[in-house]
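Reminder, nothing fancy here: chain letters follow the sequence lines and each chain counts from 1.
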Amino acid sequence: MAFTDEQLERYSRHIILKEVGVKGQKKLMAGKVLIIGAGGLGAPAAMYLAAAGVGTIGIADADVVDLSNLQRQVIHTTDDLGKPKVQSAAETMKAINPDVNVVTYEDFIAANNIADIIKDYDFVLDGTDNFPAKFLINDACVQAGIPFCHAGIIRFRGQLMTWVPGEGPCYRCVFKEPPPKDAVPTCKQAGVIGAMAGVIGCLQAMEAVKFLTGAGELLTGKLLTYDALTNTIRTVNIPEDPDCAVCSDHPTITELIDYEQAACDGLSKDDVAEAAAE
Amino acid sequence: MTITVAGNKKEYEEGLTVAELIKVEDVENPLYVTVTINDDFIKSDTFETTVLQEGDAVEFLYFMGGGC
Ligand SMILES: [Zn+2]
């Protein structure tokens with residue numbers, strides 16, 4: 001597959017990188033990445049991966065664009081209010097780069113559909129906003145042997161890690177099982193700086209780029225944490241749990257689980273009005 | 001004794017347990033924190049009995065569920 005003149009120009013800043021080059025760009029263009037959640041994390045990740053020329057980008061989300069999304073979900077605009085998020089996201093990606101094949105899944109992922117959705121992809125990004133989904137993505141990817149990048153954000157903090165078969169711990173090695181509903185606040189309840197979604201979503205896109213091109217080191221066996229208030233970025237070693245319920249050689253979880261959907265319905269409009277009045 | 005907590009070296013009293021350190025450091029959501037010492041997981045049912053040693057490196061890993 002030879003590049004067209006237009007592609008050579010579009011991807012010239014990649015191609016001159018010794019870690020990418022023509023070979024790496026071709027790997028990106030042959031790559032298939034699934035982004036679960038077209039929200040704060042998924043928005044920048046989808047835009048940068050589309051711009052990078054990733055061949056196929058899948059995007060899964062069942063929501064429509066809401067006014068409260070626009071403070072951070074930069075893939076959607078005011079004109080997109082009320083539109084399915086996957087449609088709005090696909091339109092933006094296609095506008096950035098018409099070469100990209102975008103596949104939309106206007107659905108919430110669940111135990112009965114996730115295996116089917118992830119199976120065609122090389123790499124999965126977790127851009128979801130709740131623990132049941134995060135555990136489901138971990139378990140489904142580990143069981144199917146599909147590499148993925150987990151991330152979470154709240155307030156002024158964010159973190160991410162990458163799992164690749166045989167190369168370090170999975171999310172469940174570190175975090176065992178979802179906390180009880182409302183025990184740990186969601187970003188809807190606690191708030192989040194829009195730019196935090198940008199920082200961590202871009203780091204997830206970077207993991208996908210490194211995975212597809214083979215450049216550098218992935219965040220396997222490591223949790224990268226970012227605290228914006230103290231300007232602290234740390235990479236913490238995380239060990240494998242030899243008794244992990246999913247990724248160990250004697251797993252106790254062999255079927256996918258739909259945990260109770262912990263509330264991403266946190267604050268009512270009245271709560272926000274009350275906070276605004278203080 | 002000197003312990004490194006989340007990358008920062010600090011002085012603590014001898015005999016400090018993981019459960020006590022969680023209190024001293026005012027760890028957020030203490031019931032749902034994952035702890036490593038020297039890159040090994042410490043099971044939460046041993047926080048009360050695990051005594052920290054000079055030179056230990058402790059990390060607190062937090063649930064972060066946001067993304068939307
Ligand atoms: Zn595991």
Side-chain angles (χ1 to χ4, degrees), chain A residues 36-42 61 63 68-69 72-73 85 126-134 150-155 157-161 169 173-176 178-180 183-192 196-197 200-201 204 221 223 225 232 234 236-241 262 264, chain B:
Chain A
I36 303 179
L41 294 169
D61 203 310
D63 279 335
S68 67
N69 300 152
R72 63 200 176 285
Q73 299 179 14
K85 281 188 180 176
D126 170 4
T128 63
D129 61 4
N130 63 84
F131 293 111
K134 291 185 185 302
H150 154 86
I153 51 175
I154 196 158
R155 301 191 186 103
R157 293 198 314 205
Q159 62 187 25
L160 72 157
M161 62 179 276
C173 283
V174 185
F175 292 111
K176 312 299 174 224
V184 176
T186 66
C187 55
K188 192 161 183 177
Q189 294 158 332
V192 67
M196 181 55 69
I200 303 296
Q204 287 189 285
L223 184 73
T225 66
T232 312
R234 301 187 63 234
V236 179
N237 290 331
I238 43 177
E240 279 175 80
D241 177 0
C264 189
Chain B
M1 63 178 173
T2 307
I3 300 176
T4 305
V5 178
N8 299 311
K9 280 199 169 129
K10 287 191 196 171
E11 290 299 318
Y12 296 91
E13 277 179 38
E14 299 282 338
L16 191 75
T17 65
V18 171
E20 287 162 349
L21 181 68
I22 286 172
K23 271 196 199 124
V24 171
E25 290 295 317
D26 200 14
V27 164
E28 208 177 315
N29 292 310
L31 291 177
Y32 305 105
V33 71
T34 295
V35 178
T36 66
I37 300 178
N38 307 329
D39 297 342
D40 284 325
F41 290 121
I42 305 302
K43 288 198 162 69
S44 57
D45 56 8
T46 66
F47 285 177
E48 301 276 351
T49 52
T50 303
V51 176
L52 291 156
Q53 309 293 326
E54 169 76 28
D56 277 349
V58 182
E59 296 287 349
F60 297 117
L61 308 175
Y62 301 97
F63 272 112
M64 236 174 255
C68 59

Heavy-atom distances under 4.5 Å only: say whether [X] touches chain B with side chain, backbone, both or neither.
{"X": "A:Ala183", "answer": "both"}
{"X": "A:Leu223", "answer": "side chain"}
{"X": "A:Val192", "answer": "neither"}
{"X": "A:Gln73", "answer": "side chain"}

Let me confirm one number: the [atom1]-[atom2] distance from [X] to [Y], rounded to the nearest 0.5 Å.
{"X": "A:Arg155", "Y": "B:Met64", "atom1": "CZ", "atom2": "CE", "result": "9.5 Å"}
{"X": "A:Ile238", "Y": "B:Thr36", "atom1": "CD1", "atom2": "OG1", "result": "9.5 Å"}
{"X": "A:Arg234", "Y": "B:Asn8", "atom1": "CZ", "atom2": "CG", "result": "7.0 Å"}

Inset, instruction - Among residues two or more places apart or on two chains, list those pairs meeting ring pair (Phe, Tyr, Trp, His ring centres under 6.0 Å) that have a residue in residues 37-68 of chain B. - result: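 Pairs touching residues 37-68 of chain B that pass the test: A:Phe131-B:Phe63, A:Phe175-B:Phe63.
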
Inset, instruction - Against chain B, work out which of A:Val184, A:Asp126, A:Asp63, A:Ile154 has the most heavy-atom pairs shorter than 4.5 Å and name it. - result: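 Counting heavy-atom pairs under 4.5 Å, the top option is A:Val184.
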
Legend entry - Region of B:Ala57 in contact with chain A, defined by heavy-atom distances below 4.5 Å: neither

Inset, instruction - For atom CD of B:Glu13, decide whether the heavy atoms of other residues, nucleotides or ligands shown that lie under 6.0 angstrom number more than 12. - result: no

Legend entry - Residue, of B:Val33, B:Asn29, B:Asp40, that accumulates the most heavy atom pairs under 4.5 Å with chain A: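 Option with the greatest count: B:Asn29.
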
